Amino acid sequence: MPIAPPPAPAARRDRLVLGGVFLLSGASALLFETLWFHLAGLVFGVGVYASALVLSSFMGGLALGNALISRFGRDVADPVRFYAVMELLVGAWGLLLVLTFPLLTVWLGAMLSPALDKPVLLNSLRFSFSFLLFLLPATAMGATLPLLVKALARRPGEFGLALGRLYGVNTLGACLGALLGETVLIAPLGLSGTGYFAAGLNLLAAVGALAVAKHFRDEPARAGEAAKPAPAPLTGRAKRLLLAGFLSGGAFLGLEVVWTRFLQLFVRSTSLAFAVMLAVILAGIGLGGACAGWWLRREADGRRVTAPLVLLVGAAALASYRLFESAAGVSLGTYQTVDWRYVAVLSLALMFPAAFVSGLVFTTLGEAFHREVGDRARSAGLVAMANTLGAMAGPLVAGFVLIPWLGMERSLFLLCAVYAVPAFLCVGPALPWPSPGRSRPLQAALAAFAVCLAIFPFGSMAGYFRRACADFLKDGETLIATIESVSGTLQYLRQDYLGQPYAYRLVTDGYSMASTDRGAKRYMKLFGYFPEAVLQNPKTALLICFGTGSTAASLVEDKRLASIDVVDISRDVLAGASIVYPKPEKNPLEDPRVVTHVEDGRFFLLATPKKYDIITAEPPPPMMAGVVNLYSREYFQLMRERLNDGGMVTYWLPVFEISPSDAKAILKAFSEVFEHASLWTGDNFNWMMVGVKKPKGPKPAKNFPAPWEAVETGPGLTRIGVEDPAQLGALFMLDGQSLADYLGEAKPLTDNYPKRLRGFPESPEVQKAYIADHNKLLDAMASKERFAASAEAALLLPQAVRAESEAWFETQQIINTYLNNMLTPPPPLPAVNYVLSGTDLRVLPLWLMKSDAKKQAIVTEVLGKGMAPTAETEFQLAIRALADRDYLLAEAKLKRAQDMGYQSNLAPARVYVLCMAGLLSDAENLAAIAFKGGQASAQAKSYMDWLARTFGFRSPF
């Protein structure tokens, strides 16, 4: 029998082709991973447990692929051709997942529904389903590196070079994929189009591999040649090296979790920010692997250098944290930056050094292991498997155990200290293994590691926490609690007034998510009060995202509601209600009708069989990573399906940080789902989308005032400035044709096109331009004209209420103009005069004069407890008297406040109050004294002219 000729040897060009092929493979793998995890979040939720389980199932598939090649790779005679098959499998199955995930949503939701309130069963099912879905492509991905290492490491001494180059180029390809997907592909192509692109890269990689595969076949066995012996059992040294690979991989991925959480304190948590962070880490690892391959080519022995390098990973991570700010060379005083260059600089300073050395370690450890084992495929497969299993365990331990128990700072220290263990596993008593007694590199690395541990800056994190909320501390707020939870870093701040708690703020990962101040309470409580007021008899309600509980409180106040479900992704946010509401009777979560669910809001809607009369939500802003899922057309469709006929959705539209085109994309998605959709104002640039499913028409006019008359909801409505039922109508902005005209040709935000949101404003100037554009829609007088023809208003408000509402649009214009928190408002006294003279409102005059019901209650309380009057308390009593139309008392209190040294000039207010009291001569005398016969600003002169026109006042000018 003739012997087959040996394959032609691989030329340098062929090796370069394989390198380029593996670069494409890395880019495709990262693109697919990004798409899969995003789509899996739509099905399984984006909660920390769901996300961790999906990631773990994927990593498990990779490890399985590594293990299979380590076991059977020695029998693969044509590794590059086999590799090409794996690439085709990844591309085909990966694209199939991208295209079919949306189709699986309903089916998987039904399968998971019975386990919704059984966390152990639910998470087990999540892991099982995701593992099965990812099994084929993840296993195929895991097989690729060992196969190509076997193909390229054909001669003695080539293993380290091949492993380092392939690992490096594949990781750099992943870095490229991370940036390409986020910045170039997803916006124009959508998720499905990006999936086709990724599959195309796999196809191109397979074609390239097949073109050179013949040069990498193993020599055929000769006739009569003995079969290959079975692989020998692993030695104790080999097992220790695998354990070292597991621990170093786990420690590094644990550090990645800590680093990301830390940077989120100063960086806006957008998908671009995460892509930049990931790209920096991947670039460091990839460059480290490539450099290690070059180093090992020059006859460096992995056994000699692995232990020192492992210690240097820990030392680099420790040093980067200690020198972080000085190394970055930027100020951390900027509130939640969105500049990708700033993110890159911070990531390079914190993450890159350790990532680079970690890339060195993987390669040198693999080379050392190969010297123990010998078989190329087995060595590469087992080392990759150990590292992957460590990467699977590390984030789970860091995110679910270390950070919640120890905090970020001590977790970082412990993870760095762990590197001493794999370093110890890589030393030995005899050459070529290093030992502390004779290896200079190991001694130097030990010294650096020990010094970095000794000088670790314990306590620095407290300073970073304060700097993350520095903008609020400058305004007089106090940091009262920091919770490093599984889901993020929560900071609770309190603003005191006269020594009493006035308002609370929740800051999550450095971003202010919710507050109980006047403006926030107004729009948050409206989400509950609005449907309670207009629906005839609501019985069930669902709130998605708890925040500081204002919306929940408005729902609890309505005693008609028999059940209220509150869903939040963070258990600690729900627990934080006891901070915001220290008195249990005030805590809405203590109401027996309330049932809390720690779950992703979208998944809850997908899995729950319940239906509701009211669904409301105030999730984080849509540009936050993962939150776009809660603003898409498909999500709104889920909400509609969970509504009873006649039920209503009220939903937050935060236009203060998005462009007009972004707002239109969200509104378009909402209006395409709800045929009865309308837009209403909440407070300034916090708008409210309202959708009704099969409306039943307005309730009888005689029943409409009931919420204002109820002892539970009436005071709450009054405190947020909706003192008259007809004021509700004046919140109207758009519906029907006017909404369609505003949206124009805008495309809806959908699950497949999440990048139809352009992103946060790039600069304050851009944000100002956006705000100016949004502000045009806040013209209440234009809204009044649209309201008269509004079909949705006719379905929600009785005709008598609509008729009365038209008189309140002027008042709403005052709120929009004079209480604007993002545009400089004009002087308020003309607006105060309009409200005092033309309405019987008491709350709005307080707001216009920088007071509110909470401040008034505190003043009453402290004075009742015997506190001596101050300029501030006298001023507040004056404003209360003004709201009561008791002008003589108001003037007396204002004068006393001024005599006691009130910080602002009260003369203009006093002159106005005297005019309102009919004491024109006293007002003129005071004006003449206060403005010194003409020495005044143009604004003061304009104010005097207004008084003259309004009251017949003789101006001193």
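For clarity, every value in this text was computed on a predicted model and none was experimentally measured.
- At distances below 3.5 Å, at least one donor-acceptor pair connects side-chain atoms of Asp662 with backbone N or O atoms of Arg758.
- Here the closest non-hydrogen pair linking Leu778 and Gln813 is O-OE1, 3.6 Å.
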May I have the list of side-chain donor-acceptor pairs in residues 527-541 shorter than 3.5 Å, sequence neighbours left out?
residue	atom	partner	partner atom	Å
Tyr529	OH	Glu557	OE1	2.4
Tyr529	OH	Glu557	OE2	3.3
Thr540	OG1	Asp613	N	3.1

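- Every pair tested for side chain to side chain donor-acceptor pair (under 3.5 Å) that includes a residue from residues 713-734 fails, sequence neighbours excluded, so the list is empty.
- Here Ile614 contributes atom CD1 and Leu555 contributes atom CG; the two are 6.0 Å apart, rounded to the nearest 0.5 Å.
- Rounding to the nearest 0.5 Å gives a distance of 11.5 Å between CG of Leu638 and CG of Leu643.
- Interatomic distance, CD of Glu657 versus CD1 of Ile771, reported as 9.0 Å (0.5 Å rounding).
- The nearest pair of heavy atoms linking Tyr504 to Val580 is CE1-O, 3.5 Å.
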Candidate pair Tyr742 and Leu679, rule side chain to side chain contact (heavy atoms under 4.5 Å, CB included), full reasoning: CA-CA 11 Å; Tyr742 172 69; Leu679 182 66; 5.5 Å; no
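- Among all heavy-atom pairs drawn from Ile720 and Arg522, the shortest one is O-NH1, 2.7 Å.
- Of all heavy-atom pairs spanning Leu574 and His597, the tightest one is CD1-O, 4.5 Å.
- For the atom pair NE2 of His38 and OG of Ser271, the computed distance is 9.5 Å after rounding to the nearest 0.5 Å.
- For the pair Arg593 (side chain) and Leu561 (backbone), a donor-acceptor distance under 3.5 Å is present.
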Leu653 and Phe670: CA distance, side-chain angles, deciding distance, side chain to side chain contact (heavy atoms under 4.5 Å, CB included) verdict: CA-CA 11 Å; Leu653 182 61; Phe670 190 83; over 6 Å; no
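- Although no hydrogens or angles enter the test, the distance criterion places no donor-acceptor pair under 3.5 Å between the side chain of Asn686 and the main chain of Pro654.
- For the pair Val43/Leu104, no side-chain contact is recorded, criterion being any heavy-atom separation below 4.5 Å from C-beta on.
- Nearest heavy atom pair, residue Leu605 against residue Arg642, reads O-NE, 2.8 Å.
- A donor-acceptor pair under 3.5 Å is formed between the side chain of Arg756 and the backbone N or O of Pro748.
- Counting non-hydrogen atoms of neighbouring residues, nucleotides and ligands closer than 6.0 angstrom, the NZ atom of Lys747 reaches no more than 12 such neighbours.
- Contact check on Glu712 versus Lys559 returns no salt bridge, with no Lys/Arg side-chain nitrogen under 4.0 Å from an Asp/Glu carboxylate oxygen.
- Looking only at distances, a side-chain donor or acceptor of Asp568 sits under 3.5 Å from a matching main-chain atom of Phe546.
- Looking at Lys784 and Glu810, a side-chain N of the basic residue comes within less than 4.0 Å of a carboxylate O on the acidic one, giving a salt bridge.
- For the pair Glu804/Pro725, no side-chain contact is recorded, criterion being any heavy-atom separation below 4.5 Å from C-beta on.
- Here Phe636 and Tyr651 bring their ring centres to under 6.0 angstrom of each other.
- Note: Arg268 CZ to Phe760 CZ = 4.5 Å, rounded to the nearest 0.5 Å.
- With a 4.5 Å cut-off on side-chain heavy atoms, Arg494 and Tyr492 do not count as touching.
- Tyr502 does not carry Lys854 over the face of its six-membered ring by the limits of under 6.0 Å from the centre and within 45° of the normal.
- The closest donor-acceptor contact from the side chain of Ser578 to the backbone of Ala575 lies under 3.5 Å.
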Donor-acceptor pairs are to be reported for all side-chain atoms of residues 622-632 against protein atoms at under 3.5 Å, with residues two or more places apart or in another chain.
residue	atom	partner	partner atom	Å
Asn629	ND2	Gly626	O	3.4
Tyr631	OH	Pro620	O	3.2
Ser632	OG	Arg602	NH1	3.2
Ser632	OG	Tyr635	N	3.4
Ser632	OG	Asp751	OD1	2.7

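- Counting only distance, with no hydrogens or angles, the side chain of Arg802 and the backbone of Leu797 share a donor-acceptor pair below 3.5 Å.
- Note on residues 790-820: pairs passing ring-ring contact (aromatic ring centres under 6.0 Å, His included), not counting sequence neighbours, are Phe787-Phe809.
- Cation-pi geometry between Lys699 and Phe704 is met: the NZ or CZ atom falls under 6.0 Å from the ring centre, inside 45° of the normal.
- Across all non-hydrogen atoms, the minimal contact from Met733 to Ser783 is CA-OG, 3.8 Å.
- When the ring pair (Phe, Tyr, Trp, His ring centres under 6.0 Å) test is applied to Tyr770, no partner is found at least two apart in sequence or on another chain.
- Every residue meeting the ring pair (Phe, Tyr, Trp, His ring centres under 6.0 Å) condition with His774, not counting sequence neighbours, appears here in chain and number order: Trp687.
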